[in-house]
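Notes for the one structure printed next.
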Amino acid sequence: MNSNKIIIIGAGLSGLMIAYLLQKKGFEITILEANERIGGRIQTVTGTTGVTMEMGATWFSNPHQNLIKLLEDFKIPYFKQHTSGISFFETMSFVPPQKFEISDAEESSFRIEGGTEHLIEKLVEKVGLQNIITKTKVDFIKDCEDYIEVFDSNEKLYSSAKVISTLPPHLLIQTIKFEPALSENLERLAKKTHTWMGESIKFAVEYATPFWRENNYSGTLYSQASIIQEMYDHSTADNKGFALKGFLNGGTYTLSQEERKEKVILQLTKFFGPEAGNYVKYHEKIWREEPLTFLPYEELVMGHENNGNAEYRKPLYNNKFFISGSETASQNPGYMEGAIVAANNIASQS
């Protein structure tokens, strides 16, 4: 078995970053991705007006130095999140929302110009599309002493000296069988590990003009009472495309898309006036309906629970199988920064 050969499961930010780092060390990499789409929990949608809207990972800040360094290395520009103007905080539906302004002294959030997918596209370019096999769902992993066998859902066999999984641990343990079985402690831990974004419903409303800015509103909204729980201005860096984007109440996944859209527009017109009803298009992404990302938990799991647990950084099968991905990171687990921290950690062990 070629000791230079490594299989990576998952072509999200972590998987692509690990591949990029290991290729630089001279390893032969194959990435197996269950989805037909590359990018994992990074997904940028381009609207009819040309505005780019993030249905997945979006923001980062100055403490996220590994991500910032990568963007600078790749010459990918980023820009400050627009927050100037009046913001809203709603505590109860029958009480007028509180108005406040976000201080310039607060830690800035940033977004990637042209969409977060620019980072994915650059990594794919570096890694080589020919090294990424999509629509290939791994079902079974077998330790064979000197190498590892990986079987996909069509029973196709791949062999490798090492295998690195970047699936969220909860998904990994629920969807892949192992021989010999992983320890009960690790299985229990994975079942109680939160999958970041898993329960999220992200939405964006595309507009022809930034009417909220013209009326001195920031586009920022927090609510404990309505369908939109959190929202921000999502206009492009060049201010040529305009949208409002955020998170919906996770419990509303039981409604139809049309019902959610009606409630969103009703809330926006209540806060911003009738102009909010004059939208171009409504977009949304229900992450719990993505079985290649999220499966329901068997018991209550809290947000970020067991993310970054040190158990995940221990190699298995005599240094041949590694569990990685953003949820395993020692710093900023669940975020894009965490995905890169986890990738750096794995690469340093190889």
Side-chain angles (χ1 to χ4, degrees), residues 10-21 35 37-47 49-84 102 106-127 129 132 166 196-197 200 202-207 210 213 218-220 230-247 283-285 287 293 325-326 329 331-344:
L13 179 54
S14 262
L16 293 168
M17 187 67 188
I18 292 167
Y20 168 64
L21 294 172
N35 213 326
R37 183 180 65 80
I38 293 169
R41 285 169 280 178
I42 289 174
Q43 185 175 11
T44 306
V45 171
T46 302
T49 62
V51 66
T52 50
M53 296 161 284
E54 305 300 343
M55 294 293 109
T58 307
W59 296 280
F60 56 97
S61 56
N62 278 321
H64 295 182
Q65 282 299 310
N66 290 280
L67 174 58
I68 287 170
K69 182 181 183 306
L70 184 65
L71 293 172
E72 288 172 352
D73 287 350
F74 287 168
K75 296 181 171 52
I76 297 174
Y78 54 93
F79 66 107
K80 186 177 177 291
Q81 169 67 44
H82 174 84
T83 55
S84 61
I102 296 168
E106 283 196 29
E107 177 74 57
S108 297
S109 289
F110 302 102
R111 286 163 46 208
I112 295 173
E113 280 191 29
T116 316
E117 267 187 359
H118 270 201
L119 178 54
I120 296 298
E121 287 161 1
K122 179 59 78 170
L123 281 166
V124 169
E125 180 189 310
K126 298 278 187 186
V127 168
L129 198 54
I132 305 168
T166 64
W196 193 238
M197 200 93 75
S200 296
K202 296 201 92 171
F203 82 99
V205 186
E206 187 181 351
Y207 288 97
R213 288 189 186 186
S218 67
T220 302
E230 200 176 316
M231 186 184 79
Y232 306 92
D233 180 299
H234 208 65
S235 304
T236 55
D238 61 7
N239 288 318
K240 290 180 178 174
F242 311 103
L244 294 167
K245 193 213 82 166
F247 298 85
H283 306 261
E284 69 175 26
K285 176 84 173 187
W287 282 98
T293 299
S326 186
Q331 299 163 280
N332 300 110
Y335 298 101
M336 289 189 282
E337 173 74 1
I340 294 166
V341 168
N344 288 338

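Remember, it's a predicted structure, so these values are computed and weren't measured experimentally.
- Among residues at least two apart or in separate chains, there is no salt bridge (Lys or Arg N to Asp or Glu O under 4.0 Å) pair with a member in residues 112-121.
- Using a 30° and 60° split on the angle between ring planes, H64 and Y335 fall in the tilted class, from 30° to 60°.
- Within the cation-pi definition used here (under 6.0 Å to the ring centroid, within 45° of the axis), K245 qualifies as a partner of W59.
- Listed by chain and number, the residues in a side-chain hydrogen bond (donor to acceptor under 3.5 Å, both in side chains) with S108 amount to none (sequence neighbours excluded).
- The salt bridge (charged side-chain N to carboxylate O under 4.0 Å, His left out) search around K202 returns none, not counting sequence neighbours.
- For NZ of K75, the number of neighbouring non-hydrogen atoms (other residues, nucleotides, ligands) closer than 6.0 Å is 12 at most.
- The distance from the OG1 atom of T116 to the CD atom of Q43 is 11.0 Å, given to the nearest 0.5 Å.
- A salt bridge links E125 with K122: at least one charged nitrogen is closer than 4.0 Å to a carboxylate oxygen.
- By the side-chain hydrogen bond (donor to acceptor under 3.5 Å, both in side chains) test, E230 pairs with Y232, sequence neighbours left out.
- Scored by the side-chain hydrogen bond (donor to acceptor under 3.5 Å, both in side chains) test, E337 finds N66 as partners (sequence neighbours excluded).
- Residues that satisfy the side-chain hydrogen bond (donor to acceptor under 3.5 Å, both in side chains) test with T293, not counting sequence neighbours, are absent from this structure.
- With T49 contributing its side chain and G241 its backbone, the two residues share no donor-acceptor pair below 3.5 Å.
- Classified by interplanar angle (parallel below 30°, tilted 30° to 60°, perpendicular above 60°), the ring pair F60/Y78 is perpendicular.
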